[in-house]
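The structure appears right after this line, and notes come after that.
Note that this is a predicted model, so its numbers are computed, not measured.
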Amino acid sequence: MDGSFEIGKLAGIPIKIHYTFFLIIPIFALIIGTQIELTVSLVEQVFGLPEPIDASLITEGIMPYLLGVLVSFLLFVGVFLHEMAHSVVAIRKGMKVRSITLFILGGASEIEDEVSPRPRDELPMAIAGPLMSLFIGLVSEGIAYASLISIPDPAVAGLFFYIFGYLGLLNIILFLFNLLPAFPMDGGRVLRALLAIWLPIEKATRIAAEIGRVIAIIFGILGLISFNIILILIAVFIYLGAGQEVTMIRYTQLLAGVKVRDAMTTPVTTVVPDMPVTEAMNLMYSTRHLGFPVVDRGSLSGMVTLHDIQNASDVDRDALQVRDIMTREVITITPDHDLYDALKILAPNTIGRIPVVENGEVTGIVTRTDILKLMEIREVSGTTTRSVFRP
């Protein structure tokens, strides 16, 4: 995810923080701090306490805002454990987890799954996260009750009860929210896994996505009526997520079994490092290609694109050579890689082409256009894999 940085690894999984994560902590702290009496009353009502707790420590001075920071931090610890539960199950199913990222709307696990998810894999993986949230919620509630019983000082007992009672409530809400049958929530994946037992995966995805869109529209209408910006943001998040899931499953189905060699352009036009930039520009004009691998003595040494030329100074352009402006750190792929792997490389990166290298030599090049054209042909010809996966 762009805008993220790695803070460490756990069980071999890179843990990343998105910059938006640092916005949600102060926002939560402000919301909780300014509504501390309301949330105390809410927790008391949810737990059905016969009499109010001693809230003297909770409402004293800047304590409401400190509690806001603490509760929001602990909530995101729960979100992290939620994502770890997904990842652990995915690893046990033979999948590779690239990273876990925490951001403003929660967390996300980047999992390399198969071309089409199988119900027997997706169902336990999808349900593991919500179950972890439920577990954290119930344990927190247990600690809250124990605090009232075991801590003799009423003010300290009230403080601990509020922290863990509110944390338990938030995690149970997170559990219920994630079970909504809508992408990109876990409930949408659970629904798809159940539908895919009897239906083709594409149809199961479309049905789950349509249900998600309906839920998003309902949330959006409720948000507009109540002027609730949170509901509106959730509605947009769900609606866009549903569309992305349909698009992704379409891509995986259209590219099932296709290798890079099936779509790459070969032979590929290459340039040498000492070629003048003006000559490279003329080559782009004559070939209508916007980028070329730079080959030096038979080995790939970089890529030069129209973007590289545009970034060069107009004054110095006539005196520059390709080596002066080329990109030296080049992502490559082999002809035997799945074409879907190439698409996953191209999609999140600001590159439009990948050199295809075999035995140290550039044997071709694959572009976004190559992949989209092949997908269009396969869709028209009906050559995609259409099967019903059994758990």
Side-chain angles (χ1 to χ4, degrees), residues 82-83 85-97 105-134 172-222 234-258 338 340 343-344 347 375 378-380 382-391:
H82 175 115
E83 295 302 328
H86 286 309
S87 300
V88 169
V89 174
I91 291 172
R92 289 181 177 177
K93 294 294 181 180
M95 303 176 194
K96 181 180 179 182
V97 180
L105 292 176
S109 301
E110 187 180 359
I111 299 172
E112 287 187 0
D113 54 7
E114 299 181 2
V115 173
S116 295
R118 295 176 298 180
R120 68 184 182 189
D121 293 339
E122 185 171 42
L123 185 56
M125 185 174 64
I127 199 65
L131 289 179
M132 175 59 76
S133 296
L134 178 62
I172 290 175
I173 291 173
L174 185 64
F175 160 71
L176 296 173
F177 178 71
N178 269 279
L179 285 184
L180 284 175
F183 290 116
M185 264 81 75
D186 299 321
R189 302 189 183 281
V190 171
L191 176 61
R192 176 173 66 183
L194 293 174
L195 291 173
I197 295 174
W198 300 281
L199 300 174
I201 190 68
E202 312 99 296
K203 189 171 183 179
T205 302
R206 294 182 195 282
I207 292 173
E210 288 304 317
I211 292 174
R213 288 193 177 107
V214 171
I215 292 174
I217 292 171
I218 293 173
F219 276 20
I221 293 173
L222 292 176
I234 291 173
V236 173
F237 179 65
I238 293 175
Y239 195 91
L240 294 178
Q244 289 174 352
E245 196 67 32
V246 172
T247 300
M248 188 57 64
I249 202 68
R250 172 176 170 265
Y251 286 175
T252 57
Q253 288 295 303
L254 288 172
L255 297 179
V258 182
D338 291 332
Y340 186 60
L343 181 62
K344 288 193 292 185
M375 286 171 58
R378 285 173 63 84
E379 188 168 35
V380 171
T383 55
T384 59
T385 301
R386 301 186 181 277
S387 59
V388 179
F389 290 96
R390 297 297 179 186

Can you give me every donor-acceptor pair (side chain of residues 178-187, partner residue at least two apart or in another chain, under 3.5 Å) with its distance?
| unit_1 | atom_1 | unit_2 | atom_2 | d |
| --- | --- | --- | --- | --- |
| N178 | ND2 | L174 | O | 3.0 |
| D186 | OD1 | H86 | NE2 | 3.1 |
| D186 | OD2 | H82 | NE2 | 2.9 |
| D186 | OD2 | H86 | NE2 | 3.1 |

| note | Residues A235 and G220: closest non-hydrogen pair is CB-N, 3.4 Å
| If you measure from CZ on R189 to CG on L194, what distance do you get to the nearest 0.5 Å? | 14.0 Å
| task | Could you list the residues that satisfy side-chain contact (heavy atoms from CB on, under 4.5 Å) with V89, not counting sequence neighbours? | result | K93, P124, M125, A128
| Y239, OH: over 12 other non-hydrogen atoms inside 6.0 angstrom | no
| task | Apply side-chain contact (heavy atoms from CB on, under 4.5 Å) to I207 and list each qualifying residue two or more places apart in sequence or on a separate chain. | result | L195, L199, K203, I211
| Nearest non-hydrogen partners of A85 and M132, listed with the distance | CB-CB, 3.9 Å
| task | Could I get the full list of side-chain contact (heavy atoms from CB on, under 4.5 Å) partners for I218, not counting sequence neighbours? | result | V214, L222
| said: Are L123 and V190 packed together at the side-chain level, in the sense that at least one heavy-atom pair is separated by less than 4.5 angstrom? | reply: yes
| field | Closest contact, heavy atoms only, F175 versus L131 | value | CD1-N, 4.4 Å
| request: List in chain and number order the residues that pass salt bridge (Lys or Arg N to Asp or Glu O under 4.0 Å) with R213, two or more places apart in sequence or in another chain; answer none if no residue qualifies. | output: E210
